[in-house]
Amino acid sequence: MPRRSAPGMLLPLLLLAACAESAPAGPAASPAAVAGGDGYATLPAASRDGIGKAYLGREISQVMGHLGAGWLERPEREREERTDLLVDALDLAPTDTVADVGAGTGYFTFRLAERVPEGRVLGVDIQPEMLAMLEAGEADRGLDNVEPVLGRVDDPRLPAGAVDLVLLVDAYHEFEFPREMMAGIAASLAPGGRVALVEYRGEDPAVPIKPLHKMTEAQAVREMRAAGLVHLRTDDRLPQQHLMFFGRPQDAAAPRTGGRGG
């Protein structure tokens, strides 16, 4: 997930319970009327897990910071989320350039690096503390194709037209500036490039994650469309999360992989 320091945000909110549902969450505040045509709205009050700002009708969630790194590296993560199936579904070529936006500790960054031995992985995060963990993990593993990138809350700082796949795992719903971030991500895509958006299923109340840390497929498609991206397909192999692929309109006629659930 992307991490940012937020003035006034209590550190306990950034610990492991930031995403996992531990008690029934109150209803999200209803977005106020959108002003200025940019999709953003200020809410009358923030809901318990939100920041009081909405984008296209969805309240943006609070973030989990570097103090919650243990949540990202928990031993049961692969079993719960089937992260192995996720990496398989990305259909990477050995020479691909991949960006892991919201790289955190490098949980996915390092797995991606193994799949692109002749390519490179850009591990993007906005917290220097997370990038320090990523760099330490790269050294421990003896990898030489990982490049840490210190992003900003409104700019992933990716090279234009150079990225074959951008991976966003349980990160996008926390972007304070989703419109600007996705504009930068869309601009980074190489011809045929894809965005893989992974979010817990907002349509499924049985998924034990707080509501603002989940997204429906319909909302995700709406927000990606606002960034000029089209929905290529949704892969249904993950037990709790949507795995949605998006691309530029000119690339939509020839998606890299097959149909839904492929």
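For the numbers below, each heavy atom of this structure counts, side chains included, while hydrogens, waters and symmetry mates do not.
His242 and Met244 get closest at one heavy-atom pair: CB-CE, 3.6 Å. When all heavy atoms of Val116 and Ala93 are compared, the pair lying nearest together is CG1-O, 3.2 Å. When all heavy atoms are compared, the tightest approach of Arg115 to Leu92 is CB-CD1, 4.0 Å. The shortest heavy-atom contact between Pro156 and Val149 is O-CG1, 3.8 Å. Nearest heavy atom pair, residue Pro117 against residue Asn145, reads CA-ND2, 4.0 Å. Closest approach of Gly193 to Asp251, counting heavy atoms only: N-OD2, 4.1 Å.
Under the salt bridge (charged side-chain N to carboxylate O under 4.0 Å, His left out) criterion, Asp144 pairs with no residue at all, not counting sequence neighbours. Not counting sequence neighbours, the partners of Glu223 by the salt bridge (charged side-chain N to carboxylate O under 4.0 Å, His left out) test are Arg58. When the salt bridge (charged side-chain N to carboxylate O under 4.0 Å, His left out) test is applied to Glu135, no partner is found at least two apart in sequence or on another chain.
At a threshold of 4.5 Å between non-hydrogen side-chain atoms, the residues Thr42 and Lys53 do not count as touching. Inter-residue side-chain proximity for Leu197 and Met224 is flagged as met; some heavy-atom pair is nearer than 4.5 Å. Using a 4.5 Å cut-off on side-chain heavy atoms (C-beta onward), Asp38 and Glu180 make no contact. Between Leu229 and Leu189 the shortest side-chain heavy-atom distance falls below 4.5 Å. Within the 4.5 Å cutoff, the side chain of Asp235 has heavy atoms near those of the Phe245 side chain. A 4.5 Å side-chain heavy-atom check between Leu122 and Pro159 finds at least one atom pair inside the cut-off. Annotation: side chain of Arg201 is not in contact with side chain of Gln241 (no heavy-atom distance under 4.5 Å). Within the 4.5 Å cutoff, the side chain of His173 has no heavy atoms near those of the Pro178 side chain.
Residues Glu81 and Tyr200 bring a donor and an acceptor atom of their side chains to less than 3.5 Å of each other.
Here CE of Met181 is found 12.5 Å from OH of Tyr55. Values are rounded to the nearest 0.5 Å. We find the CE-CZ distance between Met215 and Arg222 to be 10.5 Å, quoted to the nearest 0.5 Å. Here the OG1 atom belonging to Thr105 is positioned 9.0 Å from the CG atom belonging to Asp125, to the nearest 0.5 angstrom.
Remark: the backbone N or O of Gly137 is paired with a side-chain donor or acceptor of Arg141 at under 3.5 angstrom. Under the 3.5 Å distance criterion, the side-chain polar atoms of Arg194 are matched with a main-chain donor or acceptor of Leu90. Side-chain atoms of Arg157 come within 3.5 Å of backbone N or O of Leu150 as a donor-acceptor pair. Asp164 places a side-chain N or O within 3.5 Å of a backbone atom of Thr97 that can act as its donor or acceptor partner. Arg111 places a side-chain N or O within donor-acceptor distance of the main-chain N or O of Tyr107, the cut-off being under 3.5 Å. Using modelled atom types, one side-chain atom of Glu59 and one backbone atom of Gly52 make a donor-acceptor pair closer than 3.5 Å. Side-chain atoms of Lys210 do not come within 3.5 Å of backbone N or O of Arg48 as any donor-acceptor pair. For the pair Gln219 (side chain) and Leu56 (backbone), a donor-acceptor distance under 3.5 Å is present. Glu199 places a side-chain N or O within donor-acceptor distance of the main-chain N or O of Tyr172, the cut-off being under 3.5 Å.
Leu85 is connected to Leu165 through a chain of hydrophobic side-chain contacts under 4.5 Å among Ile, Leu, Val, Met, Phe, Trp and Tyr, so both are in one cluster. Hydrophobic clustering (ILVMFWY, side-chain heavy atoms < 4.5 Å, transitive): Val98 and Leu131 are in distinct clusters.
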| query | Run the side-chain contact (heavy atoms from CB on, under 4.5 Å) check on Asp170 and His213 step by step: do they pass? | reply | CA-CA 8 Å; Asp170 301 327; His213 292 267; over 6 Å; no

| message | Apply side-chain contact (heavy atoms from CB on, under 4.5 Å) to residues Arg120 and Asp96 and explain how you reach the verdict. | response | CA-CA 7 Å; Arg120 60 177 177 156; Asp96 277 347; over 6 Å; no

| message | Does Arg152 form a salt bridge (Lys or Arg N to Asp or Glu O under 4.0 Å) with Asp154? I'd like the steps, not just the answer. | response | CA-CA 5 Å; Arg152 301 199 305 252; Asp154 59 355; 3.5 Å; yes

| request: Could you go through the side-chain contact (heavy atoms from CB on, under 4.5 Å) check for Val198 and Leu238 one step at a time? | output: CA-CA 10 Å; Val198 182; Leu238 302 182; 4.3 Å; yes

| message | Could you walk me through whether Phe175 and Ile60 satisfy the side-chain contact (heavy atoms from CB on, under 4.5 Å) test, starting with their C-alpha distance in whole Å, then the side-chain angles of each, then the deciding distance to 0.1 Å, before giving a yes or no? | response | CA-CA 7 Å; Phe175 287 174; Ile60 298 166; 5.9 Å; no

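A cation-pi arrangement is not found for Arg179 relative to Phe177, the charged atom failing to lie both closer than 6.0 Å to the ring centre and inside a 45° cone about the ring normal.
The side-chain contact (heavy atoms from CB on, under 4.5 Å) with Val124 is formed by just one residue from the set Leu158, Leu134, Asp100, Leu167; it is Leu158.
Ring pair His231/Phe246 is tilted by interplanar angle, where 30° to 60° counts as tilted.
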